[in-house]
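Since this is a predicted model, take the numbers as computed values, not measurements. Here, residue 1 is the first one in the sequence, and each next residue gets the next number.
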Amino acid sequence: MERRSFLKKAGAAGLATAAVAAPAMAADSPTVRWRLASSFPKSLETIYGAAEQLGKRVAELTGGKFQIRSFPGGEIVPGTQVLDAVQNGTVECGHTCSYYYVGKNKAFAFDTTLPFGLTSRQQNAWLYYGGGMALMREFFAKYNVVNFPGGNTGTQMGGWFRKEVKSLADLKGLKMRIPGFGGEIMAALGAVPQTLAGGDIYPALEKGTIDATEWVGPYDDEKLGFYKVAKHYYYPGFWEPGPNVSFYVSKKEWDKLPADYKAAFEAAAAEANLSMQAEYDAKNPVALVSLLQKGTKLHQYPADIMQAAQKTAFELYEKEAATNPDFKKIYTEWKKFRTLQHGWFNLAENKMENFMYANKVK
């Protein structure tokens, strides 16, 4: 996807909330009906809602000719099998997080996030303007999938703990629900990572089957009720600094679409990508205040945990790059981009934000 072409299409869609008149479509424009399998339940309406927003905007932009119906996780396939469903043609498209599939190839993680990696803005910069999209498109082609950025939660929280964690030593033997690279890091630090579906987390935490869990952030976490059984809420979620959620489209089905339908999909996906982040940014502060009022105890991860975790993360990346050509190809460019981004953000964004937060206007 050409970057400037993409932005023109996104601009044509109008990244605004105002309704747009349905465009006049040619009489011979085909009627297309797709099914979209989501990894997320309807109850988490911000993240699941991005798929419904996509369908609504695509229909508006094509005069109702191109319809995409969303199905929550579990209705067509389990939430962690969306990639397989799109790849195998069970559905035409999906909405998921690529790091769910690191068991197939750890290079999938780059499409979502890596611990101590890129923030949401940096992830978008990498994908749209830093060469990331080309690298990921090349990788996804091996699975007959075309990928599109489809939302971001922003930096996530560091999880809920039944007991306070005061140092690295307190992680020894701690059973925590945390998948992917984050789980590997926790395992290296002495914890016992668990992989549980969203609906299984609360009862496991309540019964003491697990000692801690991570999920997303205040808005979604409050909905899931973790604060009722684990009072200690940690930050930051160093394993998810800016997790990108993706729309997957079957390459076979994508190639069948007329050019104007492709443009509508690209523009609608870009709008959903922007909208999800904005919605979480608006809702999370309010939810955090609510959680604190309900007795939640907020803690920053101890420095020794953060330092050990970052060291372990990059040791894992280097080890994977040494044996996985797909991972190495993406990691080499990603790491260069990360270094530049962190230098720039530390100079401009970080210094400005730190000043404002330390010098609040009364």
Side-chain angles (χ1 to χ4, degrees), residues 3 7 97-99 109-136 149 151-159 165 167-168 180-182 184-186 188-189 214 216-218 233-245 273-274 276-278 280-282 284-285 288 298-318 320-321 327-361:
R3 297 176 303 187
L7 292 177
C97 291
S98 297
Y99 64 2
F110 289 103
D111 189 57
T112 305
T113 192
L114 274 75
F116 298 100
L118 304 174
T119 65
S120 59
R121 280 180 59 187
Q122 293 163 357
Q123 181 76 3
N124 275 334
W126 180 64
L127 288 169
Y128 290 138
Y129 284 94
M133 185 65 80
L135 288 166
M136 295 315 304
N152 205 301
T153 66
T155 302
Q156 295 189 359
M157 290 293 282
V165 175
S167 71
L168 186 59
F181 268 120
E184 290 191 42
I185 291 170
M186 281 296 186
L189 300 184
E214 58 83 40
V216 176
Y233 199 21
Y234 278 80
Y235 67 93
F238 56 79
W239 50 89
E240 301 199 61
N244 173 65
V245 187
N273 186 35
L274 170 67
M276 184 193 293
Q277 176 73 84
Y280 271 119
D281 283 346
N284 276 330
L288 181 58
L298 201 59
H299 306 276
Q300 185 173 354
Y301 270 119
D304 62 342
I305 290 179
M306 294 293 290
Q307 291 163 0
Q310 180 169 252
K311 180 176 182 292
T312 299
F314 280 87
E315 288 173 351
L316 287 172
Y317 305 155
E318 296 293 339
E320 184 68 20
F327 190 94
K328 180 178 181 179
K329 182 173 184 178
I330 301 170
Y331 176 63
T332 300
E333 299 306 317
W334 175 91
K335 190 177 181 182
K336 293 177 186 176
F337 188 83
R338 175 188 180 276
T339 299
L340 287 170
Q341 287 290 296
H342 284 196
W344 164 242
F345 272 73
N346 185 48
L347 177 72
E349 300 285 338
N350 187 43
K351 295 299 185 290
M352 187 70 237
E353 289 178 0
N354 284 344
F355 173 83
M356 290 190 294
Y357 302 152
N359 298 272
K360 297 178 182 178
V361 178

Measuring from atom CD of Gln156 to atom OG of Ser120, what distance do you get when rounded to the nearest 0.5 angstrom? 11.0 Å
Distance-minimising heavy-atom pair for Trp334 and Gly117: CZ2-CA, 3.5 Å
Using modelled atom types only, decide if a donor and an acceptor are shared between the side chain of Thr112 and the backbone of Ser98 within a distance under 3.5 Å. yes
Determine whether Asn124 and Leu118 satisfy the following criterion, side chain to side chain contact (heavy atoms under 4.5 Å, CB included), listing intermediate values before the conclusion. CA-CA 9 Å; Asn124 275 334; Leu118 304 174; over 6 Å; no
So Tyr331 and Glu318, do their side chains get closer than 4.5 Å, heavy atoms only? yes
Atom CE in Met157, atom OH in Tyr234: separation rounded to 0.5 Å? 11.0 Å
If you take all heavy atoms of Ala125 and Gln341, which pair is closest and at what distance? CB-OE1, 4.2 Å
Roughly how far, to the nearest 0.5 Å, is CG of Asn354 from CE of Met352? 10.0 Å
Counterpart residues, ring-ring contact (aromatic ring centres under 6.0 Å, His included), relative to Tyr280 (two or more places apart): none
If you round to the nearest 0.5 Å, how far is NZ of Lys328 from CD of Glu333? 12.0 Å
Residues passing the side chain to side chain contact (heavy atoms under 4.5 Å, CB included) test with Glu315, sequence neighbours excluded, are Lys311
Rounded to the nearest 0.5 angstrom, the CE-CG distance for Met276 and Leu274 is 11.0 Å
For the backbone of Lys335 and the side chain of Thr339, can you confirm whether one donor and one acceptor N or O come within less than 3.5 Å of each other? yes
Is the backbone N or O of Gly242 less than 3.5 Å from a side-chain atom of Asn152, with the two atoms forming a donor-acceptor pair by type? yes
Short side-chain to backbone donor-acceptor contact, Thr155 and Pro241, under 3.5 Å: yes
Any side-chain heavy atom of His299 within less than 4.5 Å of one from Tyr233? no
Quick check: do Asn273 and Val245 have side-chain heavy atoms less than 4.5 Å from each other? no
Step by step, work out the side chain to side chain contact (heavy atoms under 4.5 Å, CB included) result for Gln122 and His342. CA-CA 9 Å; Gln122 293 163 357; His342 284 196; 3.7 Å; yes
Heavy atoms, side chains only, cut-off 4.5 Å: are Ile330 and Met136 in contact? yes
Between Tyr301 and Phe238, does the ring centroid distance fall short of 6.0 Å? yes
Would you sort out whether Phe116 and Trp239 count as a side chain to side chain contact (heavy atoms under 4.5 Å, CB included), showing the intermediate values? CA-CA 6 Å; Phe116 298 100; Trp239 50 89; over 6 Å; no
For Gly130 against Phe337, the heavy-atom pair lying closest together: CA-CE1, 3.8 Å
Before you tell me yes or no, could you show the steps for Leu127 and Gln123 under side chain to side chain contact (heavy atoms under 4.5 Å, CB included), namely the whole-Å CA-CA distance, both residues' side-chain angles and the distance that decides it to 0.1 Å? CA-CA 6 Å; Leu127 288 169; Gln123 181 76 3; 4.1 Å; yes
Criterion salt bridge (charged side-chain N to carboxylate O under 4.0 Å, His left out) on Arg121 and Glu349, from CA distance to verdict: CA-CA 11 Å; Arg121 280 180 59 187; Glu349 300 285 338; 3.1 Å; yes
Any side-chain heavy atom of Gln300 within less than 4.5 Å of one from Met306? no
Taking only residues two or more places apart in sequence, or in another chain, which ones meet Tyr99 in a ring-ring contact (aromatic ring centres under 6.0 Å, His included)? none
Can any side-chain N or O of Asn244 pair as donor or acceptor with the backbone N or O of Pro149 at less than 3.5 Å? no
Minimum heavy-atom separation for Thr113 and Glu240, please, with both atom names. CG2-CA, 3.9 Å
Would you say the side chain of Val165 lies within less than 4.5 Å of the side chain of Ile305, judging by non-hydrogen atoms? yes
Just so I know, are the side chains of Pro115 and Glu184 near enough to count as touching, which here means a heavy-atom distance under 4.5 Å? no
Atom CZ of Phe327 and atom CG of Leu316: how far apart are they, to the nearest 0.5 Å? 8.5 Å
